[in-house]
Amino acid sequence: MLKGFRDFMMRGNVIDMAVGVVIGAAFTGVVTGFVTAFLTPVLGVVVGAAGDFSSYKFTLASVTFPYGQFLNVLIAFVLTAAVLYFCVVLPVSKATARYLPKKPATPKRPCPECLTEIPQAARRCSACTAVVEPVLPIQVTAKG
């Protein structure tokens with residue numbers, strides 16, 4: 001029983017996931033710090049506030065609604081999402097598309113027995129193992 005647990009913990013994907021979670025938590029701190037230290041005050045200058053909306057509230061029927069706290073959290077969320085998208089997601093997507101292009105998809109056809117999609121050049125269906133004739137590409141020849 002413990003051997004199985006040890007084998008599970010020593011798999012590469014479990015260790016990779018643990019490292020990813022730790023790095024993600026550290027990166028979250030960096031992005032949150034950047035948003036809090038730079039972007040929220042800049043937004044406050046643009047709007048004409050101090051960048052801290054936590055004191056904003058209204059009272060209705062002797063009940064106080066501190067909507068400024070919600071504004072602070074909402075602004076931090078939107079700015080954090082924007083920073084992550086424009087500084088991480090977009091550059092990584094462009095780099096992936098440039099340096100790791102997708103392989104062209106092989107043409108597929110349905111298996112005549114089970115209708116599973118199989119490559120055109122397949123001689124046997126991978127789902128039902130039926131023997132199928134490969135579809136050869138049509139070759140155009142010039143008449144002379």
Following the transitive rule for hydrophobic clusters with a side-chain heavy-atom cut-off under 4.5 Å over Ile, Leu, Val, Met, Phe, Trp and Tyr, establish whether [X] and [Y] coincide in one cluster.
{"X": "Y56", "Y": "V63", "value": "yes"}
{"X": "L84", "Y": "F86", "value": "no"}
{"X": "F27", "Y": "L90", "value": "no"}
{"X": "V83", "Y": "F38", "value": "yes"}

Heavy-atom pair of closest approach, residues [X] and [Y]:
{"X": "E113", "Y": "A130", "value": "CG-CB, 3.4 Å"}
{"X": "V88", "Y": "P91", "value": "O-CD, 3.4 Å"}
{"X": "C125", "Y": "V132", "value": "N-CG2, 4.5 Å"}

| request: Answer yes or no: does atom NZ of K108 have more than 12 heavy-atom neighbours from other residues, nucleotides or ligands under 6.0 Å? | output: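 Counting neighbours around NZ of K108, more than 12 heavy atoms of other residues, nucleotides or ligands fall under 6.0 Å, so yes.
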| query | Does a sphere of radius 6.0 Å around CZ in F70 hold more than 12 heavy atoms from other residues, nucleotides or ligands, not counting ones at 6.0 Å or beyond? | reply |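 Check fails, neighbour count at 12 or below.
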Are any of the side-chain heavy atoms of [X] and [Y] separated by less than 4.5 Å?
{"X": "I118", "Y": "R109", "answer": "yes"}
{"X": "P134", "Y": "Q120", "answer": "no"}
{"X": "T116", "Y": "C128", "answer": "no"}

| field | Pairwise distance CD(Q69) to OG(S55) - rounded to 0.5 angstrom | value |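 Here the rounded value is 10.0 Å.
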| Where does the angle between the aromatic ring planes of F58 and Y67 fall among parallel (under 30°), tilted (30 to 60°) and perpendicular (over 60°)? |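 Tilted, since the angle between the ring planes falls between 30° and 60°.
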| task | Identify, with sequence neighbours excluded, every residue that meets salt bridge (charged side-chain N to carboxylate O under 4.0 Å, His left out) alongside K3. | result |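 Partners of K3 by the salt bridge (charged side-chain N to carboxylate O under 4.0 Å, His left out) criterion, ordered by chain and then number, come out as D7.
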